[in-house]
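Dumping the structure here so I can ask a few things about it.
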Amino acid sequence: MQIQENISLRQYNTFGIEVYAKYFAGFSNMNELARLTEQAHKDAVIVLGGGSNVLFTQNINGWVWKNNIMGIEELGEDNSFVYVKAGAGENWHRFVQYAISRNWAGLENLSLIPGNVGAAPMQNIGAYGVELKEVFNSLEAFHLREKKVHTFTAGDCHFGYRESVFKKELKGEYVILNVSFRLRKDPVFHTTYGAIREELDKMNITSLSIGAVSQAVINIRSSKLPDPAVTGNAGSFFKNPSVSKKQYAGLKEKYPSIVGYENADGTVKLAAGWLIEHSGPSEGTGWKGYREGAAGVHDRQALVLVNYGGATGREIYELSKQVLESVYSKFGVTLEREVNVY
Ligand code: FAD
Ligand code: NAP
């Protein structure tokens with residue numbers, strides 16, 4: 001295990017932001033993690049996976065630890081499910097493909113989400129009508145102060161919409177070591193969300209399979225989302241906000257094309273992308289495709305802020321502030337950042 005000093009984090013975050021960490025180290029097992037905890041003592045620590053959901057706005061005057069714990073293990077099965085454990089450092093999409101190749105169902109709608117397994121519970125990752133919590137069984141996490149490993153059930157994780165206990169109450173307290181999943185032997189397909197059905201038709205799929213659903217999701221995502229290897233970004237910068245039915249009715253009357261989906265609790269989830277597209281830096285100009293220096297709003301998906309090369313985290317953050325303020329001033333709706341800002 002190598003400890004590096006004053007290292008650039010540019011290659012460790014998909015925004016491609018150039019900031020420096022005072023100390024940087026990767027760990028591959030519990031022994032290395034325990035040694036790092038001794039070394040860091042009471043210094044601040046940020047644990048990183050693939051760096052696809054972070055925005056660095058300043059140098060890190062402490063430690064950055066890259067979680068490289070690997071391994072996929074089949075734990076057992078019952079009549080309906082297979083139980084599988086994956087190390088936090090496993091690449092998420094590779095894990096999804098591994099499950100699909102064994103005909104274990106449940107992860108196909110979550111194909112091609114960047115990042116690693118260990119970060120998936122952090123915000124209960126979700127896409128195309130499926131959330132991590134639906135396939136989650138348990139996880140093991142190391143408490144940095146107590147230096148003990150704890151097991152978390154789904155109930156302990158307090159999963160919400162792009163939320164968990166690790167992003168809120170227990171922020172910065174635990175290192176997630178591995179995640180166990182409960183995958184179906186017989187698939188339950190979710191194809192009504194977004195453009196999946198349309199894409200399956202385009203692919204001429206007559207007999208549905210988890211592989212086909214995964215490929216449809218991959219095709220849609222590849223056509224819509226900026227590739228971080230080409231243009232720096234961290235996916236959706238904001239969450240979709242929920243408002244009361246009454247507030248939604250008022251907005252719908254004023255803006256008939258506004259996009260909203262009713263939640264199970266009766267509130268309405270607004271498409272933040274629509275709100276951003278229909279507000280802007282000045283009267284008559286929308287945010288979509290807007291660019292200020294090297295920081296911008298993606299021209300195909302207004303929810304995604306981008307770094308065209310050389311933007312600072314501060315510049316991206318300032319742009320997010322302007323977007324947030326203009327959406328509030330036009331629609332009276334407060335957006336919340338999804339990306340973890342440091
Ligand atoms: P990182 O960015 O490395 O970390 C994210 C947060 O988790 C940080 O606060 C970090 O400290 C913490 N963390 C990471 N690993 C650990 C660990 N082992 N223990 C404790 N804390 C940890 N997200 C979705 O939900 N749905 C999508 O469809 C989606 N699409 C995306 C598309 C693109 C193009 C991009 C760039 C991002 C997208 N994202 C999406 C966001 C992101 O990919 C996910 O949130 C992903 O789970 C982040 O994984 P990561 O390993 O990169 O996490
Ligand atoms: P989209 O299909 O254009 O839809 C726009 C928004 O409407 C999405 O944010 C989605 O909410 C919502 N939506 C669409 N159909 C819905 C339905 N049937 N019921 C409820 N809500 C519905 O979205 P997109 O931008 O191409 O993204 C597709 C999927 O990938 C979405 O699930 C999105 O969350 C996910 N994604 C996430 C990130 C990220 O960084 N978090 C980045 C890219 C894509 P939800 O977002 O709640 O699903």
Side-chain angles (χ1 to χ4, degrees), residues 9 12-16 27 33 45-56 64-69 87-93 109-132 139-142 144 161-164 166-167 170-179 190-199 217 220-242 259-264 268-275 277 298 300-306 338-342:
L9 295 180
Y12 297 107
N13 72 101
T14 60
F15 253 126
F27 62 94
L33 178 57
V45 172
I46 296 173
V47 182
L48 262 196
S52 64
N53 206 11
V54 290
L55 175 67
F56 292 123
V64 172
W65 295 349
K66 175 123 171 49
N67 190 326
N68 295 326
I69 297 177
E90 289 286 345
N91 173 273
W92 174 261
H93 182 61
N109 289 46
L110 302 175
S111 295
L112 214 61
I113 296 180
N116 294 352
V117 165
M122 289 295 298
Q123 69 160 20
N124 179 28
I125 55 168
Y128 297 99
V130 173
E131 291 182 330
L132 174 92
L139 65 77
E140 285 185 310
F142 179 75
L144 283 165
Y161 182 65
R162 308 289 189 264
E163 277 301 347
S164 77
F166 302 105
K167 214 174 164 181
L170 300 179
K171 194 173 173 170
E173 291 195 28
Y174 280 93
V175 179
I176 295 171
L177 304 170
N178 58 63
V179 183
H190 301 272
T191 58
T192 54
Y193 210 88
I196 296 188
R197 193 66 266 172
E198 215 176 282
E199 184 60 32
V217 169
I220 304 168
R221 293 185 74 103
S222 312
S223 71
K224 277 181 95 167
L225 289 167
D227 177 358
V230 180
T231 312
N233 76 91
S236 305
F237 200 88
F238 301 98
K239 293 185 201 175
N240 291 320
S242 284
V259 180
Y261 297 90
E262 190 163 333
N263 294 315
V268 179
K269 180 182 73 179
L270 301 176
W274 188 97
L275 299 173
E277 222 177 304
H298 192 243
R300 271 174 289 152
Q301 172 50 286
L303 246 188
V304 178
L305 300 190
V306 290
E338 179 178 307
V339 169
N340 301 279
V341 179
Y342 292 101

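Since the model is a prediction, treat every value here as computed from it, not as a measurement. For ligands, and for the atoms within them, numbers begin at 1 and follow the listed sequence.
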Candidates Leu225, Val306, Leu305 - the one meeting side chain to side chain contact (heavy atoms under 4.5 Å, CB included) with Asn233:
Val306

From the options Gly87, Pro226, Ala119, select the one whose nearest heavy atom is closest to atom 53 (O) of ligand 1.
Ala119

Note the single closest protein heavy atom to atom 13 (N) of ligand 1, along with its residue, its atom name and the distance in Å.
Val47 O, 3.6 Å

Give a yes/no on ligand 1: does Phe166 have at least one heavy atom closer than 4.0 angstrom to it?
no

One residue to check: Asn116. Relative to ligand 1, which of side chain, backbone, both or neither has a non-hydrogen atom less than 4.0 Å away?
both

Among all the protein's non-hydrogen atoms, which is closest to atom 5 (C) of ligand 2, and how far away is it?
Ala271 CB, 4.7 Å

With heavy atoms and a 4.0 Å threshold, my read on which part of Phe15 contacts ligand 1 is neither

Closest protein heavy atom to atom 47 (O) of ligand 1, given as residue, atom name and distance to 0.1 Å
Ile125 CG2, 3.3 Å

Which residue and atom name correspond to the protein heavy atom nearest atom 5 (C) of ligand 1, and how close is it?
Asn340 ND2, 3.7 Å

Going by the 4.0 angstrom heavy-atom rule, the piece of Arg221 near ligand 1 is side chain

What part of Trp92, side chain from CB on, backbone N/CA/C/O, both or neither, has a heavy atom under 4.0 Å from ligand 1?
neither

Counting heavy atoms under 4.0 Å, the part of Leu225 that contacts ligand 2 is side chain

For ligand 2, is there an N or O atom under 3.5 Å from any N or O atom of Gln123?
no

Measure from atom 48 (O) of ligand 2 to the protein's non-hydrogen atoms and state whether any distance is below 4.0 Å.
yes

Report yes if some heavy atom in the side chain of Ser164 is under 4.5 Å from a heavy atom in the side chain of Leu132; otherwise report no.
no

With heavy atoms and a 4.0 Å threshold, my read on which part of Ala234 contacts ligand 1 is backbone

Looking only at distances, please establish whether an N/O atom of ligand 2 is found under 3.5 Å from an N/O atom of Thr192.
no

Nearest non-hydrogen atom to atom 21 (N) of ligand 1 belongs to which of Lys239, Lys66, Met122?
Met122

Please list the nearest protein heavy atom to atom 46 (C) of ligand 1 with its residue and the distance rounded to 0.1 Å.
Pro114 O, 3.5 Å

Has Arg162 got any heavy atom lying under 4.0 angstrom from an atom of ligand 2?
yes

Return the option from Ser52, Gly49, Pro228 holding the heavy atom at the smallest distance from atom 43 (O) of ligand 1.
Ser52

Look at atom 34 (C) of ligand 1 and say which protein heavy atom is nearest, naming residue and atom and giving the distance to 0.1 Å.
Asn233 OD1, 3.6 Å

Looking only at protein heavy atoms, which one is nearest to atom 1 (P) of ligand 1, and how far off is it?
Gly51 N, 3.5 Å

What part of Leu48 sits under 4.0 Å from ligand 1 if we count only heavy atoms: the side chain, the backbone, both or neither?
both

Nearest protein heavy atom with distance in Å, relative to atom 20 (C) of ligand 1
Tyr174 O, 3.4 Å

Which ligand 1 atoms are under 4.0 Å away from a heavy-atom of Gly115?
49 (O), 50 (P), 51 (O), 52 (O)

Any heavy atom of Tyr161 sitting closer than 4.0 Å to ligand 2?
yes

Could you tell me the residue and atom name of the protein heavy atom closest to atom 26 (N) of ligand 1, and the distance to it rounded to 0.1 Å?
Gly126 O, 2.8 Å

For Glu163, the option from Met122, Lys239, Gln123 that meets side chain to side chain contact (heavy atoms under 4.5 Å, CB included)
Lys239

For the residue pair Asn124 and Glu131, what are the closest heavy atoms and their distance?
ND2-OE1, 3.3 Å

Give the residue, atom name and distance (to 0.1 Å) of the protein heavy atom nearest atom 8 (C) of ligand 2.
Asn240 ND2, 3.9 Å

